[in-house]
**Q** 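What follows is a structure written as structure tokens; I'll ask about it next.
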Amino acid sequence: MNTGIITIIVKPTSECNFRCEYCYHADTGYTPGFLDIDKLEKLIQLTLSEYDRVEFVWHGGEPLLCGIDYFQRIVDFQKKYRRDKNLIVNSVQTNGSLLNNHFIRFFKKNDFSIGISIDGPAECNSLRQSTDEVMRNMDSALRAGLKVASLSVIHALNVDRQIEMYEFFKNKKVPMKFNPIFNSGSAIQHPEYFLAPETYINALKKFFDYWLVDQTAVRVDPIDQYIRMKLLGRANDCIYGSCLYQWLGVDHNGDFYPCGRSYPPTFRFTSISEIDHISDIFKKEEFISILKSSIVRRSHCQAECKYFGICNGGCNNNALVENGNVEINGGFLCETLKEMYDYTSTSIDSIISSNKSLNKYNPFIKQELNRRRLEEVFTEK
Amino acid sequence: MTIKQIVRKILSFEDLNSFTEHELALVYVGQVNRTDNLMLSYYDSKYYDAHYYDSKYYDSKYYDSHYSEKSTWGNPYPDDPSGPHYSDSSYSNSGC
């Protein structure tokens, strides 16, 4: 019996009304149709019976295409199968175009949080559609008190505009996450949008320098991850953790994959129709295969790389997409992590060792380093 | 060879072929030095407590209290629940 935590990234549909040029999901196609209700019910039943804390991320495709009645069924099933010990967390990752007042009321009532995929103001959002409409919907959701976050893709056309994007979301009090474009899906057809590592790294450094002294700063990933690595010795993003056994992806057919990223069919573990327990998945040959590959990659990282203690060998999907093999480390994100960890770490070390006033730094840094200084004083005494 | 020794080796796929699924799981979680970053959800924490790691890492209360918190470093606005902080761990933790 398992009493742990799991995150299930469910793609109830592969269809999308946007079909952005850089979408990694495009690898798996935009097949119409929704995850069958019987499969949906079984998925919720099995996860709630085996895990205490279950986090559902309703992803896609565009999940709101399923309609509000579909989401009502989700909530009904969760109520039906909930045990006393269950803690259920729901979030939706949407392009925001269908986030009307009905959805907003429903998500507010049922405590869903919303991630909106948008790359900032129109000038930065040129590879996505309907900036104005999505912004109106985001503003409505914020006014209604929904928990809203933004997820932006950094690519060749907006890489130098991260400060604009940051200020834009900050003014809306929206936490944000910036992901570099992935080399998968339809993005492969558009190499003009890809980033050279040095371009991305230099832009991130510039952004970090800006954030560090921003007196009205808010948290932003990936900067937050680098600071966590430095100050806590660990990140909390799934790409720096041990995701196997803790994360699963489910597509609109009810097939299980390692997570919500794009994987070829050889990484299909099984179908919800073929199992009686979630733990059955972990005995499947396909799961064992990626587990072994992940162990092999991590064993090389552990032996050969001084950053292993903070990145834990990185992400299986990044390894697959960047190097063609889960067993092989290195690549764009590996290089970025090393450079950015060193850069942010050096910067923080320099602030700490200077022993000067922290007033010029942002409130997060100021508060944390002041607290540490106080601790040191009391420890010395 | 103990799990501790195994996780310090450079391993090939073939090295792992004789391992049971349970042993593979042990090696996988054991590879990560910073065990406080792990949230074991498959194997019973007591197994690890007894066999390998310091119990504090696998105390479920430890994870419960840390996993859903809004931040674990510098939080200058603790009284502002509507403020721009990550309040949804599944969103902020997902790399998708």
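Quick note on labels: first sequence line is chain A, next is B, and so on, each numbered from 1.
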**Q** When only pairs under 4.5 Å are counted, which of A:S262, A:G145, A:G249, A:S293 shares the most heavy-atom pairs with chain B?
**A**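 Sorted descending by pairs with chain B, the first entry is A:S293.
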**Q** Would you say the rings of A:F287 and A:Y245 are close, in the sense that their centroids are separated by under 6.0 Å?
**A**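 For A:Y245 and A:F287, the ring centres are under 6.0 Å apart.
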**Q** Quick one: of A:N317, A:N370, A:N318, A:V296, who has the most non-hydrogen atom pairs under 4.5 Å with chain B?
**A**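 Looking at each of A:N317, A:N370, A:N318, A:V296 in turn, A:V296 comes out on top.
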**Q** Apply side chain to side chain contact (heavy atoms under 4.5 Å, CB included) to A:I290 and list each qualifying residue two or more places apart in sequence or on a separate chain.
**A**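 Partners of A:I290 by the side chain to side chain contact (heavy atoms under 4.5 Å, CB included) criterion, ordered by chain and then number, come out as A:L244, A:P258, A:Y263, A:F267, A:F269, A:N316, A:V326.
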**Q** Honestly, is A:K230 close enough over A:Y226, meaning NZ or CZ under 6.0 Å from the six-membered ring centre and within 45° of the axis?
**A**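 A:K230 over A:Y226 ring: no.
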**Q** Can you tell which part of B:N17 gets under 4.5 Å to a heavy atom of chain A, answering side chain, backbone, both or neither?
**A**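 Both backbone and side chain of B:N17 come within 4.5 Å of chain A.
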**Q** Specify which of A:C301, A:C315, A:S289 makes the most heavy-atom pairs with chain B at under 4.5 Å.
**A**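 The option with the most such pairs is A:S289.
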**Q** Indicate yes or no for a side-chain donor-acceptor contact from A:Y166 to the backbone of A:M176 under 3.5 Å, with no hydrogens or angles considered.
**A**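 No: the side chain of A:Y166 does not pair with the backbone of A:M176.
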